[in-house]
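Both backbone and side-chain heavy atoms feed into the values below; hydrogens, waters and symmetry mates do not. Along the sequence shown, residues are numbered consecutively beginning with 1.
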Amino acid sequence: MELIATLGRTLGFSFAAGVNLYATVAILGLASRYGWVALPEQFRAFDHDLIIGAALVMYVVEFVADKVPWVDSIWDAVHTVIRPLGGAFIAVTTLGDASPAATGLVALLGGTMAAGSHLTKTSTRAVRHWFRRDHALI
């Protein structure tokens, strides 16, 4: 049962990282620090002041970048690499002590989950922009 709970947390956080990596890291850090929810000890990796602060600053930068045309597209293109790596990192960190094979497998699962949610978000945005542009000509 512990394996299923760990896998659920790991993949859930990786999915969230694909949508917004910085908000996910900040929330994990704050939740670990203030005990908002019962998290395993390995989540303490996120509750350092520097990590929480950097994640919050990057969240604000991302929030602003998301509102500027073309900057949002460039931001998403760059994060097509960053978010899957972040999802893999979160997955490995939340796993705790494990064998190298399990660590590699969880990194692949976390990265794939983050990539899937990020690409879904990005492609939805692209379709929305295309749809608006197409109907603006009518």
Does [X] reach the side chain of [Y], with side-chain heavy atoms less than 4.5 Å apart?
| X | Y | answer |
| --- | --- | --- |
| Val68 | Asp72 | no |
| Val19 | Lys121 | yes |
| Ile90 | Leu21 | yes |

query: When the ring centroid of Phe13 is compared with that of Phe89, is the distance short of 6.0 Å?
result: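 They do not qualify: ring centres at least 6.0 Å apart.
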message: I'd like to know whether the aromatic ring centres of Phe15 and His118 sit less than 6.0 Å apart in this structure.
response: no
Please check if [X] and [Y] belong to a single hydrophobic cluster, counting links between Ile, Leu, Val, Met, Phe, Trp and Tyr side chain heavy atoms closer than 4.5 Å.
| X | Y | value |
| --- | --- | --- |
| Trp70 | Val64 | no |
| Leu30 | Val37 | no |
| Ile82 | Val61 | yes |
| Met58 | Ile51 | yes |

If every non-hydrogen atom of [X] is compared with every non-hydrogen atom of [Y], which pair is closest and at what distance?
| X | Y | value |
| --- | --- | --- |
| Pro84 | Ala114 | CA-CB, 3.8 Å |
| Gly18 | Ser117 | CA-OG, 3.2 Å |
| His48 | Leu50 | ND1-N, 3.0 Å |

- request: May I ask you to decide if the ring planes of Tyr59 and Phe63 are parallel, tilted or perpendicular, using 30° and 60° as cut-offs?
  value: tilted
message: Would you call the rings of Phe43 and Phe46 parallel, tilted or perpendicular, taking 30° and 60° as the class edges?
response: tilted
Atom pairs and distances, donor-acceptor, side-chain atoms in residues 100-113, under 3.5 Å, two or more places apart:
{"unit_1": "Thr103", "atom_1": "OG1", "unit_2": "Ser99", "atom_2": "O", "d": "3.0"}
{"unit_1": "Thr112", "atom_1": "OG1", "unit_2": "Leu108", "atom_2": "O", "d": "2.7"}

- request: For atom CH2 of Trp36, decide whether the heavy atoms of other residues, nucleotides or ligands shown that lie under 6.0 angstrom number more than 12.
  value: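 Enclosed: over 12 neighbouring heavy atoms sit under 6.0 Å from CH2 of Trp36.
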Kindly say whether [Y] contributes a backbone atom to a donor-acceptor pair with the side chain of [X] at under 3.5 angstrom?
| X | Y | result |
| --- | --- | --- |
| Ser123 | Leu119 | yes |
| Gln42 | Thr93 | no |
| Thr80 | Asp76 | yes |
| Ser32 | Gly29 | no |

Approximate separation, where rounding is to 0.5 Å, of Glu41 CD and Asp97 CG: 11.0 Å
query: So how far is it from Leu85 CG to His79 NE2, rounded to the nearest 0.5 Å?
result: 10.5 Å
